[in-house]
Amino acid sequence: MPAIRHASKRKAPPAGFSDIEDDLLIFSNKMKDAENAPTTSVPRHQVHWPIFQISHQRSRYVYELYYEKEAISKELYEWLLKNGYADKMLIAKWKKTGYEKLCCLRCVQTKETNFNSTCICRVPKAQMKEDQAVECVSCGCRGCASSD
Amino acid sequence: MLKSTHKTTALPEGWTEHKAPTGHLYYYNSSTKQSTYTRPVAAPLPAAPTPPPPNNPSQSFLQYQSVDSQPSAGTAFNNFLPAGQSHGRGGFQSNRGRGGHDRSRDSRPQPTDKPISRHAIPDNESWFLIHTKLGRRFVYNAAKDQSFWRIPDKLKDGILALDQQRTREKAEALAAPKEPEAPQGAAERPVIEPTQAQPRDAEAEDSSEYEEVEVTDDEEDDENPSKRQRTEDDAPDEPVEFNEDDIAYQLAAMGQEYGLDPGEYGDENMDGWEEGDAGLEMTEEDSAALFKDLLNDFGINPYSPWEKLVEEGKLVDDLRYTALTSMKARKEVWEEWSKEKIKTLRELRAKAEKKDPRIPYLTFLQKYATPKLYWPEFKRKYKKESEMRDSTMSDKDREKFYREHINRLKLPQSTLKSDLSTLLKAQPLSQLNNTTLPSHLPSAVLADIRYVSLDSGIRDELVEGYISTLPPPLDTNDEEETEEKAKERQDRQRRQKALEDRERHVAEEKRRQKRNLEFGKGRLREEEAEIARAMNVSKKGLKDHLMEDET
C-alpha cells in the first residue's frame with residue numbers, strides 16, 4: 001500500500017495555479033453534484049451525459065487556457081493533465097483537423113457501433129435533414145462537427 | 001369612504017357585527033333574529049330598536065365591494081381611478097405619468113397637437129418658430145397673424161442659425177454631464193417656461209412628457225420629426241421613463257381592441273434604425289470597446305470560462321451589454337479581452353518584484369513568537385494561520401527562521417540596534433531614500449531577520465531617523481504615462497456618449513413609430529365610424545341618406 005501523503009507535505013502546484021483554482025473548484029463541485037444526482041427519473045442511456053459534459057467543459061477550459069489564451073505555463077498545463085483536471089486523449093484529438101470540437105472519445109470510436117461508423121453527432125448540420133434534432137446516445141452531444 | 005364613516009358610530013343595542021365567510025361584514029340582532037348587510041343605526045326611540053329596513057339589498061351589498069363595482073370598461077377606467085382604489089394593474093400604474101397614455105385621446109380620430117415652445121427667429125422680426133407637442137414645427141408671423149407649416153425661403157437662414165445654436169447648447173450640456181444641472185436648466189428653462197402653462201392645465205400629468213428640447217441636424221431644415229430628441233434633465237419630477245414595456249403594453253392593448261395578431265403591430269425592426277444619425281458614430285470597434293469596458297468595470301476574472309460569465313448573468317443588466325447584438329460577437333470580444341487581460345497581468349507580474357513570502361511570515365513571527373514555545377509547539381498552536389500554511393515557503397525554512405528569531409530575542413538591545421542600522425546602511429539609495437515612507441520599506445529590509453528582531457516601537461523610530469538623514473532619490477518622471485491614461489479616459493467617455501446617443505435615438509424612433517400607429521388607428525376608427533354610418537340604412541333605404549344630405 002502506498003504511503004498516504006498529507007496535503008501539507010505534498011509538492012505545491014506550479015505557479016499560476018492560484019489564478020484558475022477557483023474555476024477548477026467550481027468544475028469539480030459541479031462534477032460531484034452530477035455524480036451524486038439521483039438517476040431514477042433519467043432514462044438509462046442518459047445517466048452519464050452530465051458527467052461527459054462537465055468533463056468536456058473542464059478539458060476545454062484547460063485546453064483554451066494553454067493553447068488559445070496562453071494563460072498558463074507548460075509546467076502547470078502538464079501538472080493539470082497529470083492530476084486529472086483535463087482529458088489528455090481528448091485534447092490530443094482537438095489538435096487534429098476535423099476534430100476541433102469533438103465532444104467525447106466514444107463518439108469517434110467506430111468499432112463499438114452497429115454499423116461500424118462514428119456517432120450521429122459527428123455528422124455536419126449541413127448534411128442532416130431539416131429539423132432533425134439529435135442528441136447522441138453516448139454523451140448527449142447535439143453536433144460536434146467542425147463545420148457547425 | 002362610506003364605510004369608514006359608518007365605522008365611527010357605535011352599533012345600537014342588540015346588534016352584533018359578524019364576518020361572513022366571503023369576507024363581508026354583516027350585522028345580526030340576537031333579540032329579533034334579524035341579519036342585514038347594512039349597518040344599523042341607533043333609532044331615535046331606543047325603546048324599540050327596529051332595524052332599518054334593507055330597502056335595496058343588492059345596493060347595500062354593493063357598497064362593500066366598491067372595488068369591483070367600478071365601471072372597469074376601457075375608456076372610463078383609465079381616467080377615473082378612485083382615490084382609495086388599489087386595483088391590480090401591476091407595475092404599470094407607477095409609470096402612468098409618462099407611460100399611461102390615456103385612451104380617451106385615442107378615441108379621437110387624431111391626437112390633438114399643441115404648441116409647446118416658441119422661439120423668435122433671428123434677423124426676422126415678428127416671425128416665430130413654434131414647436132408642437134407632437135414634434136412638428138411651423139412658423140408664425142405675429143404681425144400678420146399667419147402661420148405656415150412650410151417654412152418660407154427667406155426664413156431658412158434664421159432657422160438654421162437657431163438650430164445650430166440649440167445643437168451647440170445641447171452638445172455643451174452633453175459634454176459636461178457630470179456638472180450640476182442648475183446651469184443647464186437655467187439655459188434652457190426660460191425658453192420653454194412661458195408656453196408650458198398651456199398643456200399643463202389640460203393634462204397635468206402628461207405634460208411633462210412633452211417638455212422636450214430638441215437637437216436638429218444643421219443641414220436640412222425640412223420638417224422631420226425624427227430629429228426631435230428628448231433630454232431626461234427636463235423632467236426632474238418625472239424620473240420614470242417611457243420604457244419598452246409600456247410601449248409593448250400599449251401596442252398589445254390597441255392590438256387587442258382591433259383584433260390584430262401580435263405580428264401585425266409590434267414589428268420593431270431594430271436593424272432598420274440607422275445608427276448615430278443625430279449623435280456620434282458607433283463603430284464596431286466602439287461597441288467592442290464598450291463591452292470590454294463593461295468587463296473591466298465588473299472585475300471579471302479573465303481566467304474564468306465563458307459559461308460561468310453567462311450563468312452568473314451579472315452583465316446583462318448593464319446598458320453596455322447591448323452594444324453588441326449577438327452572443328457570438330460577445331463571446332468573441334470576451335475572448336479577445338481575456339487574452340489581452342491575461343497578457344497584461346502576466347507582464348505586470350513579471351514587472352512587479354516578487355512578493356517575498358518571508359515578509360508576512362516574519363511579521364507574524366514578530367507578533368507571536370516567544371522564547372517560551374519550542375518550534376513544534378509553536379507550529380501546532382498556529383497551524384491554522386495562513387502564514388503557517390503558505391505553500392510557497394517550506395516548513396524547514398519556517399523552522400529555521402523561528403529558531404533564529406528566538407535566539408536573537410535573547411540578545412541585548414544594543415546589538416540588535418547596531419544590526420538594524422548596518423542593514424539599513426547596506427540598502428542602495430534607489431531603494432531607500434528620504435522620500436521612502438516608513439510603511440513602504442524595500443522588501444530586502446522587510447525580509448531580513450534583523451529587521452523584525454527589534455521591538456517595533458524602537459525599530460520604527462530608528463528607521464524614521466535614518467530615513468530623514470538620507471539624500472533625495474534620483475528623480476524620474478512618469479508624465480508620459482499620465483498622458484496616455486488621460487487619452488484612454490477620453491476615448492472611454494466618447495464611447496459612452498456614443499452609446500447613450502444611440503439609445504436615445506432608438507427611443508426616439510420607437511416613439512415615432514408609436515405616434516404613427518396612433519395616427520393610423522385614429523384614421524381606422526374614423527373609417528369604421530363612417531362605415532357604421534353607411535350601414536345604418538333604415539327602411540326607407542337610400543332615400544334616407546339623400547334626405548340627410550339635403551338637410
Side-chain angles (χ1 to χ4, degrees), chain A residues 5-31 33-34 50 52-77 79-80 83 85-86 91 94 100-101 103 125 142 147-148, chain B residues 292 295 299-314 327-328 331-350 352-357 360-361 375-376 379-380 382-399:
Chain A
R5 292 178 177 230
H6 190 260
S8 61
K9 299 266 170 57
R10 232 176 273 152
K11 202 175 152 194
F17 181 68
S18 55
D19 293 329
I20 55 172
E21 202 173 5
D22 295 340
D23 294 315
L24 288 174
L25 193 68
I26 289 172
F27 276 123
S28 68
N29 286 342
K30 262 193 204 165
M31 187 61 115
D33 288 347
F52 271 102
Q53 280 157 8
I54 295 164
S55 145
H56 170 93
Q57 278 172 14
R58 187 161 59 180
S59 296
R60 194 84 206 173
Y61 174 61
V62 171
Y63 171 82
E64 278 177 359
L65 278 182
Y66 182 62
Y67 284 104
E68 283 171 20
K69 292 184 193 166
E70 293 164 8
I72 55 176
S73 60
K74 192 169 178 7
E75 295 88 64
L76 179 56
Y77 174 67
W79 186 89
L80 288 172
N83 286 275
Y85 284 99
I91 289 179
W94 288 339
E100 286 91 346
K101 291 178 188 170
C103 57
K125 283 257 162 62
R142 294 198 179 91
S147 59
D148 286 349
Chain B
K292 281 180 191 171
L295 290 167
I300 301 296
N301 182 3
Y303 292 97
S304 313
W306 170 247
E307 286 82 19
K308 189 187 165 199
L309 199 67
V310 175
E311 270 170 34
E312 279 177 347
K314 277 194 290 189
M327 216 57 190
K328 201 178 168 191
K331 190 178 178 189
E332 263 166 27
V333 171
W334 169 81
E335 261 166 14
E336 203 180 308
W337 170 83
S338 62
K339 228 182 251 183
E340 282 167 16
K341 191 87 181 169
I342 286 169
K343 213 174 186 182
T344 52
L345 272 180
R346 286 177 86 186
E347 274 165 15
L348 266 181
R349 252 174 235 175
E353 70 236 78
K354 248 194 166 175
K355 179 88 168 132
D356 205 328
Y361 180 67
W375 166 244
K379 192 177 139 191
R380 194 168 59 228
Y382 297 106
K383 66 181 174 191
K384 293 270 171 64
E385 303 293 327
S386 60
E387 285 88 353
M388 297 294 281
R389 293 162 48 145
D390 189 6
S391 63
T392 46
M393 206 174 162
S394 72
D395 242 7
K396 244 183 208 169
D397 287 336
R398 270 193 215 117
E399 185 176 356

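Chain naming here is simple, since letters A, B, ... match the order of the sequence lines and numbering starts at 1 in each.
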> Who passes side-chain contact (heavy atoms from CB on, under 4.5 Å) against A/Ala34, sequence neighbours left out?
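Partners of A/Ala34 by the side-chain contact (heavy atoms from CB on, under 4.5 Å) criterion, ordered by chain and then number, come out as A/Pro50, A/Ile51, A/Ile54.
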
> So which donor and acceptor atoms of chain A and chain B come within less than 3.5 Å of each other?
from	atom 1	to	atom 2	distance (Å)
A/Asp19	OD1	B/Arg349	NH2	3.2
A/Asp19	OD2	B/Tyr303	OH	3.3
A/Asp19	OD2	B/Arg349	NH1	2.8
A/Asp23	OD1	B/Ser304	OG	3.4
A/Asp23	OD1	B/Lys308	NZ	3.1
A/Asp23	OD2	B/Ser304	N	3.4
A/Asp23	OD2	B/Ser304	OG	3.2
A/Tyr61	OH	B/Tyr303	O	2.7
A/Glu70	O	B/Arg346	NH1	2.8

> Where does A/Ile26 contact chain B at under 4.5 Å (heavy atoms): side chain, backbone, both or neither?
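A/Ile26 touches chain B through side-chain heavy atoms alone.
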
